[in-house]
Trainee: 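If you scroll down you'll find the structure; I have some questions about it.
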Amino acid sequence: MQIDPRAMPKVLQLYLELNQYPILQRRIRQLMRQELFQRGVVAPELFEAEVREKAILSQRREGMDHPEAEEPPDTWQLRVEKIRDDLTDFYFAYNLPHDRFKDLVEEVVTERAPDREFVLSFNPEMAPWALLFAQAEEYERTPPEKRASVEHHLREIIVVLIKAMISDQLGFVRVAREYFDVEDLKEIRKHRFGRGKIGGKSAGMLLAYKVLQNKAAEYGIDTNYIRMPESWYIGSDVYYDFHANNELFQHMNQKYKRHEDMLADYPKIYKEYLSCQLPDYILWHLADLLETLGPVPLIVRSSSLLEDNIDTSFAGKYDSFFLPNQGTLEQNLHDLQEAVIKVYSSVIRPDVLIYRDRMGLVDYDERMAVLIQKVEGKQNGRYFFPDLAGVGFSYNPYAWSERIRREDGLLRLVVGLGTRAVNRVGSDYPRMVALSHPTLRPEWGSQMLRRYSQHLIDVIDLEENQFVTVPITDVIDVRFPALNALVSVDHDGYVKPLVSRPLNLDPAEMVVTFDNLLAQDQFTGMLRDSLHILEEAYEHPVDVEFAGEVIETYPKPLVRLALLQCRGLSSQAEGETVEIPDDLPEEDIVFSANQQIPRGCVEGIDTIIFVDPRSYARIPDPHTRMEVGRVVGRLNHTLDEATFILMGPGRWGTSNIQLGVKVTYADIFNTKVLIEIAYAAEGSVPEVSYGTHFFQDLVEANIYPLPLYPDDEDVIFDQSFFDSTPNKLSTILSDESRYAHYVKVIDIPAVSNGRTMTIIMNSEKQKAVAFLVDGS
């Protein structure tokens with residue numbers, strides 16, 4: 001319910017203002033009583049009689065049957081003084097003008113500090129929001145010549161509202177207070193349902209947008225080409241109401257259970273969540289929202305108070321759901337409620353709880369807010385999607401050429417919904433764009449350009465009322481308005497940008513390259529400068545998620561961006577570069593690598609968990625492939641005291657079990673290095689995964705990702721070491737021996753006379769070597 005500031009209890013406003021003067025308020029109230037008596041509002045003797053009567057009533061409320069005998073004189077005196085003060089405030093507030101109160105306060109204050117300019121204020125942390133907004137608007141109306149005297153009061157109110165409505169993380173508040181004004185906060189309040197904060201994801205998006213609106217012009221960026229999706233927020237306190245109404249609080253202690261118990265309990269708890277209902281007042285708001293919006297696609301996104309921190313981004317941990325919103329109002333409301341509840345249930349998902357445990361956040365009382373947004377994009381036939389989407393990073397650690405400037409940033413770019421840019425998907429690849437040299441690719445030759453391009457697209461199917469993944473050629477053809485900006489043509493083994501729009505274009509010849517778009521500076525320059533602005537404001541590298549609309553293609557592509565998310569970018573702790581010894585005996589080298597090398601050194605490795613890529617490729621059934629991931633997860637927990645590395649096929653963490661081992665953060669967090677092995681025969685090629693949610697997990701867990709190409713003639717891979725060494729799997733997990741053909745555990749000291757393994761990764765020279773060293 002909105003409270004009209006004009007209807008705010010006058011006595012409350014007066015009380016809050018008096019509290020700013022804890023010592024002087026006694027003298028102020030004496031003058032207030034004199035004013036009441038002189039003006040005949042109340043006679044002194046009647047006033048004191050009322051004070052005594054109310055004091056006695058208060059004693060009886062507190063359980064005293066014989067107040068004269070039960071309360072000591074000094075306590076009685078304190079009681080009388082307290083009630084006298086309250087009665088003074090009441091009579092004055094409702095009988096005399098507030099300006100006269102200001103005069104009395106100024107009189108008392110100037111007695112002590114006659115040269116100080118007087119400005120009456122109140123404690124904003126104790127005040128209702130309606131009063132805060134009303135007071136802030138009054139300060140903003142202050143004439144320019146007097147604005148300096150109230151600026152600090154206005155700033156204080158804005159900080160209090162930011163902490164109450166958005167986030168109380170000091171790092172966020174420190175930046176946000178410089179950019180948010182009262183109108184921004186009023187707009188957030190108007191779009192918020194329930195109470196509590198709107199959470200990290202919403203906070204990051206709003207702050208980034210305000211920073212860019214404020215600073216973009218300094219860099220020559222036209223802010224008409226940067227916007228924010230229309231958004232609504234379910235406050236974090238609704239999460240408590242939901243749990244209380246549905247008696248779900250007994251599940252909040254899942255975070256203190258053993259990991260095995262978390263995994264075992266979650267399916268049943270998840271089913272219980274889905275049988276619950278949101279509070280009635282939230283359902284009413286959601287129904288009203290759906291009726292107002294009509295059949296427009298929506299996305300329901302998590303926005304917990306822990307999300308999007310610099311050190312713990314929670315990237316991909318909580319769920320988001322696309323809602324086509326094409327059914328009846330009742331069906332759409334059902335789907336929207338279910339999506340919100342699924343977001344709530346993800347708070348106690350085992351992968352999330354294990355992540356929180358590892359990040360030292362298990363004791364934090366997690367509260368989940370929810371962000372509801374219109375999906376960015378437009379309808380193309382039966383499908384709804386944006387022309388392009390992606391994620392951008394203000395710092396680029398993946399430099400595939402010496403020409404690339406890391407500080408200019410990196411993009412992962414896709415056509416359609418941005419899910420394919422942030423998730424490790426199947427045999428599909430986003431376009432990697434080094435913003436210092438946008439047209440410089442890590443691939444070469446038409447065959448590689450086609451292979452390492454996007455073949456599928458994520459869209460909303462309006463006819464089927466669902467989120468789907470379809471071949472990109474089913475969606476984009478010669479009639480697609482943004483075709484020239486996004487697609488090139490592979491003709492006779494040569495990939496070249498579209499110059500015109502041929503009527504007989506063969507869809508099989510189309511390759512998603514973004515070449516025409518990236519050849520112009522409007523899009524890449526806007527993102528490069530925006531990322532720099534945000535990094536400067538945050539005083540830390542950032543990453544952003546965005547969607548884009550190609551609003552012109554001729555004579556040059558012109559893009560309008562929608563900012564979807566911004567957060568501090570976690571970075572791997574990098575020490576000094578470690579040089580690889582030149583005199584390593586060849587017999588001591590286990591393997592080497594020469595592509596996508598991070599910087600780091602891991603010593604004392606005593607165990608290798610090796611998933612044989614060739615054996616894995618021959619697994620005939622999906623169930624066994626899934627079980628391999630489960631076995632790896634059990635080893636990760638069992639070997640928590642060991643210093644081990646993981647080696648396996650293709651893409652760890654992919655959703656496509658044909659290409660790699662399906663694992664989550666909970667299955668790999670104890671490893672030191674995650675090595676992706678790519679044999680050309682198996683076709684399991686490591687992806688440049690920088691920027692995916694899975695990669696963020698590796699960074700935050702301080703795990704080094706390392707691709708390994710055994711078929712490359714310039715690398716070393718001692719196949720005999722992996723083939724001939726004994727497998728300790730049955731010794732460590734006796735009940736998993738049936739998977740020993742696919743998963744091998746190598747005890748390095750046991751097979752090398754007490755030696756351990758060291759891996760040195762030199763990013764400058766793009767070389768890594770794993771070699772055996774003496775255990776001492």
Side-chain angles (χ1 to χ4, degrees), residues 398-400 402 574-617 639 642-650 652 660 671-686 703-729 740-776:
Y398 175 58
W400 56 86
E402 293 180 355
E574 291 189 344
E576 295 182 1
T577 298
V578 180
E579 295 295 334
I580 298 171
D582 294 326
D583 56 350
L584 286 174
E586 188 173 341
E587 63 270 18
D588 289 344
I589 298 176
V590 179
F591 62 83
S592 67
N594 61 1
Q595 296 185 44
Q596 306 164 36
I597 308 298
R599 179 196 295 175
C601 178
V602 180
E603 300 176 299
I605 300 167
D606 54 34
T607 306
I608 300 174
I609 301 175
F610 179 68
V611 179
D612 187 342
R614 289 170 171 168
S615 297
Y616 185 86
L639 296 173
T643 301
F644 70 88
I645 64 172
L646 278 169
M647 303 180 68
W652 288 95
T671 191
K672 303 302 180 186
V673 186
L674 188 69
I675 298 168
E676 300 187 313
I677 305 172
Y679 284 104
E682 274 73 47
S684 52
V685 180
I703 300 168
Y704 293 99
L706 187 64
L708 177 59
Y709 299 84
D711 296 327
D712 189 329
E713 60 183 15
D714 293 326
V715 306
I716 297 170
F717 186 73
D718 187 354
Q719 185 72 54
S720 64
F721 178 85
F722 296 95
D723 292 342
S724 63
T725 49
N727 189 350
K728 303 283 290 185
L729 176 65
H741 184 63
Y742 312 114
V743 182
K744 174 178 273 192
V745 181
I746 301 173
D747 184 340
I748 297 174
V751 301
S752 61
N753 297 318
R755 306 175 88 188
T756 61
M757 189 166 73
T758 293
I759 301 179
I760 296 177
M761 294 159 283
N762 189 312
S763 59
E764 284 76 13
K765 296 181 178 179
Q766 282 295 289
K767 185 176 181 180
V769 177
F771 55 95
L772 300 175
V773 298
D774 291 336
S776 59

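The residues of the chain are indexed from 1 along the displayed sequence.
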Trainee: Measure across Thr643 and Gly604 and return the closest heavy-atom pair with its distance rounded to 0.1 Å.
Mentor: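 Looks like CB-O, 3.4 Å.
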Trainee: Quick one: CZ on Phe771 to OG on Ser592, what's the gap to the nearest 0.5 Å?
Mentor: 12.0 Å
Trainee: Considering non-hydrogen atoms only, spot the tightest contact between Thr671 and Phe644 and give its length.
Mentor: OG1-O, 3.3 Å
Trainee: Just how far is it from atom CG of Leu646 to atom CD of Glu676, taken to the nearest 0.5 Å?
Mentor: 11.0 Å
Trainee: Is any side-chain heavy atom of Ile746 less than 4.5 Å from a side-chain heavy atom of Ile609?
Mentor: no
Trainee: My understanding is that only one of Asp588, Ile748, Asp606 makes a side-chain contact (heavy atoms from CB on, under 4.5 Å) with Met757; could you say which?
Mentor: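 So the option named by the test is Ile748.
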Trainee: Would you give the length of the straight line joining atom CD of Gln719 to atom OG of Ser724, rounded to the nearest 0.5 angstrom?
Mentor: 10.0 Å
Trainee: Looking at side-chain heavy atoms only, is the closest gap between Pro649 and Ile677 below 4.5 Å?
Mentor: no
Trainee: Strictly under 6.0 Å, is that where the ring centroids of Phe610 and Phe722 end up?
Mentor: yes
Trainee: Check whether any side-chain heavy atom of His741 lies under 4.5 Å from a side-chain heavy atom of Asp612, and answer yes or no.
Mentor: no
Trainee: With a 6.0 Å cut-off (strictly less than), is the heavy-atom count around CG of Asp723, excluding the residue itself, greater than 12?
Mentor: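 Counting other residues, nucleotides and ligands, CG of Asp723 exceeds 12 neighbours.
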Trainee: Do you know the tightest heavy-atom contact between Ile703 and Leu674?
Mentor: CG2-N, 3.9 Å
Trainee: Inspect the surroundings of NZ in Lys744 and state if more than 12 heavy atoms from other residues, nucleotides or ligands are less than 6.0 Å away.
Mentor: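 Result for NZ/Lys744: enclosed.
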Trainee: Might you work through the side-chain contact (heavy atoms from CB on, under 4.5 Å) test for Leu706 and Val673, ending with a clear yes or no?
Mentor: CA-CA 7 Å; Leu706 187 64; Val673 186; 4.2 Å; yes
Trainee: Closest approach of Met761 and Pro598, non-hydrogen atoms and distance?
Mentor: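 Here Met761 and Pro598 meet closest at CB-O, 3.2 Å.
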Trainee: With side-chain contact (heavy atoms from CB on, under 4.5 Å) as the test, would you mind laying out the steps for Val743 and Tyr616 before giving the verdict?
Mentor: CA-CA 9 Å; Val743 182; Tyr616 185 86; over 6 Å; no
Trainee: Hey, does Lys765 have a side-chain heavy atom less than 4.5 Å from the side chain of Ile597?
Mentor: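 Ile597 vs Lys765: side chains apart.
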Trainee: For residues Thr607 and Val745, report the shortest heavy-atom separation together with the two atoms involved.
Mentor: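 Heavy atoms only, the tightest pair is CG2-CG1, 3.7 Å.
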Trainee: Determine whether Phe591 and Ile675 make a side-chain contact, defined as any pair of heavy atoms from C-beta on separated by less than 4.5 Å.
Mentor: yes
Trainee: Working note: Thr756 + Leu772, criterion side-chain contact (heavy atoms from CB on, under 4.5 Å); need CA distance, chi angles, decisive distance, verdict.
Mentor: CA-CA 6 Å; Thr756 61; Leu772 300 175; over 6 Å; no
Trainee: Which of these passes side-chain contact (heavy atoms from CB on, under 4.5 Å) with Lys767: Ile580, Asn594, Asp714?
Mentor: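 Only match with Lys767 under side-chain contact (heavy atoms from CB on, under 4.5 Å): Ile580.
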Trainee: Can you tell me if Glu586 has over 12 outside heavy atoms packed within less than 6.0 Å of its CD?
Mentor: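 No - once you tally the heavy atoms of other residues, nucleotides and ligands closer than 6.0 Å, there are 12 at most.
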Trainee: Can you tell if the side chain of Thr758 reaches within under 4.5 Å of the side chain of Val773, non-hydrogen atoms only?
Mentor: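 They are in contact (side-chain heavy atoms under 4.5 Å apart), so the answer is yes.
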Trainee: For Ala678 versus Asp711, what's the shortest heavy-atom pair and its separation?
Mentor: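 For Ala678 versus Asp711, the nearest heavy atoms are O-OD2, 4.4 Å.
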Trainee: Indicate yes or no: at least one non-hydrogen side-chain atom of Val611 is less than 4.5 angstrom from one of Trp652.
Mentor: yes
Trainee: When rounded to the nearest 0.5 angstrom, what distance separates CG in Asp718 from OG1 in Thr725?
Mentor: 9.5 Å
Trainee: Can you measure from OH (Tyr709) to CD (Gln595) and round to the nearest 0.5 angstrom?
Mentor: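 Reported value, rounded in 0.5 Å steps: 4.5 Å.
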Trainee: For Leu729 and Tyr742, what are the C-alpha separation, side-chain angles and deciding distance, and is it a side-chain contact (heavy atoms from CB on, under 4.5 Å)?
Mentor: CA-CA 10 Å; Leu729 176 65; Tyr742 312 114; over 6 Å; no
Trainee: Is the closest side-chain heavy-atom distance between Val578 and Asn762 below 4.5 Å?
Mentor: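 No, every pair of side-chain atoms sits at 4.5 Å or beyond.
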